[in-house]
Protein chains: 4
Amino acid sequence: MARKAGSDGSKTAEAIRAAGLRLIFEHGYEGMSLRDLAQIVGIQPGSLYNHITTKQALLFDFLVEHMTRLTEALDAALAGIESPLARLDTFIEFHLRYHLTRRMEVFVNNSELRSLEPQNRAVVTGLRRDYERRLEQILAEGTRSGALNVPDVTIATFAIIAQLTGVVGWYDPKGRLGEDEIIAIHRQLVVGGLLPIP
Amino acid sequence: MARKAGSDGSKTAEAIRAAGLRLIFEHGYEGMSLRDLAQIVGIQPGSLYNHITTKQALLFDFLVEHMTRLTEALDAALAGIESPLARLDTFIEFHLRYHLTRRMEVFVNNSELRSLEPQNRAVVTGLRRDYERRLEQILAEGTRSGALNVPDVTIATFAIIAQLTGVVGWYDPKGRLGEDEIIAIHRQLVVGGLLPIP
Amino acid sequence: MARKAGSDGSKTAEAIRAAGLRLIFEHGYEGMSLRDLAQIVGIQPGSLYNHITTKQALLFDFLVEHMTRLTEALDAALAGIESPLARLDTFIEFHLRYHLTRRMEVFVNNSELRSLEPQNRAVVTGLRRDYERRLEQILAEGTRSGALNVPDVTIATFAIIAQLTGVVGWYDPKGRLGEDEIIAIHRQLVVGGLLPIP
Amino acid sequence: MARKAGSDGSKTAEAIRAAGLRLIFEHGYEGMSLRDLAQIVGIQPGSLYNHITTKQALLFDFLVEHMTRLTEALDAALAGIESPLARLDTFIEFHLRYHLTRRMEVFVNNSELRSLEPQNRAVVTGLRRDYERRLEQILAEGTRSGALNVPDVTIATFAIIAQLTGVVGWYDPKGRLGEDEIIAIHRQLVVGGLLPIP
DNA sequence: CATGAATGAGTTTTCATTCAT
DNA sequence: TATGAATGAAAACTCATTCAT
């Protein structure tokens, strides 16, 4: 039997992406099997290869796409905002909202870099650095203008991103706190550590 | 032929632990093969089973041992320190020093919880909560005494630990900054966000 | 979308034959994949089936066609030549020239009989025997007439064909020797072993 | 179940070699499956890998071993024989006898060079050339001493080997002719074409 | 305590072929 | 005639684990 009645290539492709992301999230890249993926999608394992080129490419595409979209969305959010403090505020809010709504993508992005082949890893690492550099520049400009008192711009960048990204580890959409509250709390934690001593 | 000349049981066991940790760190639990482990140790795969009971048990033991030692060492570091601010300072320094010197253990601990079987995961998660609770209590007492202005004790706990633990992702012992400097920087970032507004 | 602009059925069929022969020559029948074939031709694998019925049939057709043409061409070359010695000379020259110019066909013919399904193999084997019988008869008549001293007609037939066909294994069109020289050399080797002792 | 009662590593290894050779002979390298091989040997497919490193290595080992043994045996056969004519006689007899008794090895050797990876192919091709060079030197010395009238030493070498090797294509141990007769016939065919014209 | 041979289930990937469009 | 999506079987190879020796 060739094409199943009602089958649709682009639907299948999307189903593969969705199930693939979920499985990598749940079991890790190495722990996820294409058999399982195929079964969830409802096709034979070999049929996956009409839509992906390789298991590795599936992961790579996820990570590249995630980082690309993330940075683009950040740039859009920051557009037109000038003062370093306001930009920092915007970054915090943007980063949290984006990460809270794409928890699987984020988790995979952070935990599966290791599973990329060296070439691919270099690409994704580069994209990450692009993103981090946005925050780094905000901190640097805030320091220059005297609006912020940053102990070490590079490290503060890493530390802030680590802190904000940490929410994906415990956030529960049905939990005690909503997005707005979480944002407010982190704003205080982050900005408080960066304000000039009066 | 049974035992190779010069072989030594406890040395072998230790070699398995060391190489096992490294391999899980590099490839992840699923991505690490007992064959590779055996080869590094210099024995046949089957011989591993004289020293471990199961691949899963190897991981589980790592995580339990790590968490147990970590919490014990924290308690020792905090012993005799009374004021919440001093206890917070101590926590920050302890956590950073411990994590900077055991980066592989820490990374494995954070990324491989997912690979534990449910029962085992529950155990390790419990141990983690024990550790986190130490910081939570410091923040709670600081709040009560008015020494700290913590927006949300639970979330601040997660956020601080995420921030401090983030160092294992980029720290380079041969890098620009030594441990002491890193500690000082993080102290400012963390404590600055928690001080009462004057 | 059905037919690509500029596509042409018979051109495609011919391209399939050409690329198919080359691929079987290079990788063997089992080692050649219809996917590769389709890619070389520039169509999708499924589209091959508008031109071939089966991978096996593709091979079978090659071999049948080759053997048929070979024998027909031999008969044409021998037409009108009467004396056994002259016919032997003609056979040697014909066989070498034909094989030197169709090296891929010949190689495939000799190495892929094994890959034919039994029925098909029987057909091709029969065609081969037809061809061999031409030489066998020349040797038999030469023996009868006293023009040749053949130790064993059957075996000499196999031996001569093996010897002459061997050229496809090493002949290089840009090499030291041209066709004419190769023919002359083999004529001496073959005929020398068959002349009556004076 | 680990080791089957009565299992024996070296017996298994030998069984793999024997069955492997047969399967490659029957189906070609590409057409032979390790599943089938394992089944014949009576073990699981994965267990093959306790004895071979790779399918390719299995083939490579066959070919290297065959060529090495062949050349060594030839050297032994030629030892002490001085006159070119006698050496040629010895070569013919040796080559035929060896090839008649190892028909599978020979066939595989001739048809599966193509299936070797380039590096491996280079090795085996080198070994083949070593063997051919033995005959080449006999013909060259025979020419120098005037005992032989060889039209072209290089080509005659190829032609003779092709002719003699051709026997593996049709020889039937239960057939009309025994080894001795086949040798006698080929001796006439070969030597007849090389004798000086009286 | 170690080896070497085995299991049985699993891995990713490839293949010839089919068929609705 | 061609495409693109599918099948179902198979490929080579890996894996954690077992156990007689």
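This structure is a prediction, so every number in the text was calculated from the model and none was measured. Just so we're on the same page: letters track the sequence lines, and every chain starts at 1.
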Exercise for review: Give a yes or no on whether B/Q39 atom CD has more than 12 heavy-atom contacts from other residues, nucleotides or ligands under 6.0 Å away.
Suggested key: no

Practice item. Among E/dT7, E/dT12, F/dA16, find the nucleotide with the atom closest to the side chain of D/S47. Key: E/dT7

Check your understanding: Would you call D/E112-D/K55 a salt bridge at under 4.0 Å N-O?
Key -> no

Review point. Which part of the nucleic acid, if any, lies within contact of A/S33, taking any heavy atom under 4.0 Å across all strands shown: a base, the sugar-phosphate backbone alone, or nothing?
Key: sugar-phosphate

**Study point:** Integer-rounded Å distance: E/dA6 P and D/I52 CD1
**Key:** 13 Å

Revision key, fill the gap. To the nearest angstrom, the CE-P distance between D/M32 and F/dA12 comes to 8 Å

Check your understanding: Is B/R35 side chain donor-acceptor paired with the F/dA16 base, going by distance under 3.5 Å alone?
Key -> yes

Check your understanding: If you find the nucleotide of DNA chain F closest to B/Y29 and the one closest to D/Y29, which residue's nucleotide is nearer the 5' end?
Key -> D/Y29

Practice item. Using whole Å, report how far CD1 of A/I24 lies from P of E/dT12. Key: 11 Å

Review point. Can you find a side chain N or O atom of D/T12 that sits less than 4.0 Å from OP1 or OP2 on E/dA6?
Key: yes

**Study point:** Neighbour count >12 (heavy atoms, 6.0 Å) for atom CD, A/E26
**Key:** yes

Review point. Expressed in angstrom and rounded to an integer, what is the separation of C/L48 atom CG from E/dT18 atom C1'?
Key: 13 Å

Review point. With nearest nucleotides of DNA chain F determined for D/P45 and B/K55 from heavy-atom distances, which residue corresponds to the more 5′ nucleotide?
Key: D/P45

Exercise for review: Return the value, rounded to whole Å, for the distance between atom CG of A/N50 and atom P of F/dA5.
Suggested key: 7 Å

Check your understanding: The side chain of A/H51 lies closest to which of these nucleotides: F/dT17, E/dA6, F/dA5?
Key -> F/dA5

Point to revise | Pair A/R69 + A/E65, salt bridge at N-O below 4.0 Å | key: yes

Practice item. Quickly work out the B/D36 CG to F/dC15 C1' distance and round it to whole Å. Key: 11 Å

**Study point:** Atom-pair distance (NZ on D/K11; P on E/dA6), nearest Å
**Key:** 11 Å

Check your understanding: Taking any strand in view, what nucleotide pairs with F/dA20 in a Watson-Crick or G-U wobble way, both distances under 3.5 Å?
Key -> E/dT3

Point to revise | Between E/dT12 (C1') and A/Q44 (CD): distance, integer Å | key: 15 Å

Review point. Is the shortest distance from a Lys or Arg side-chain nitrogen in A/E14 or A/R17 to a carboxylate oxygen in the other one below 4.0 Å?
Key: yes

Point to revise | Closest to the B/Y49 side chain, choosing from F/dT7, F/dT17, F/dT3 | key: F/dT17

Study note, to complete from the structure: Taking for D/G46 and for A/T53 the nucleotide of DNA chain E with the nearest heavy atom, the one nearer the 5' end belongs to D/G46

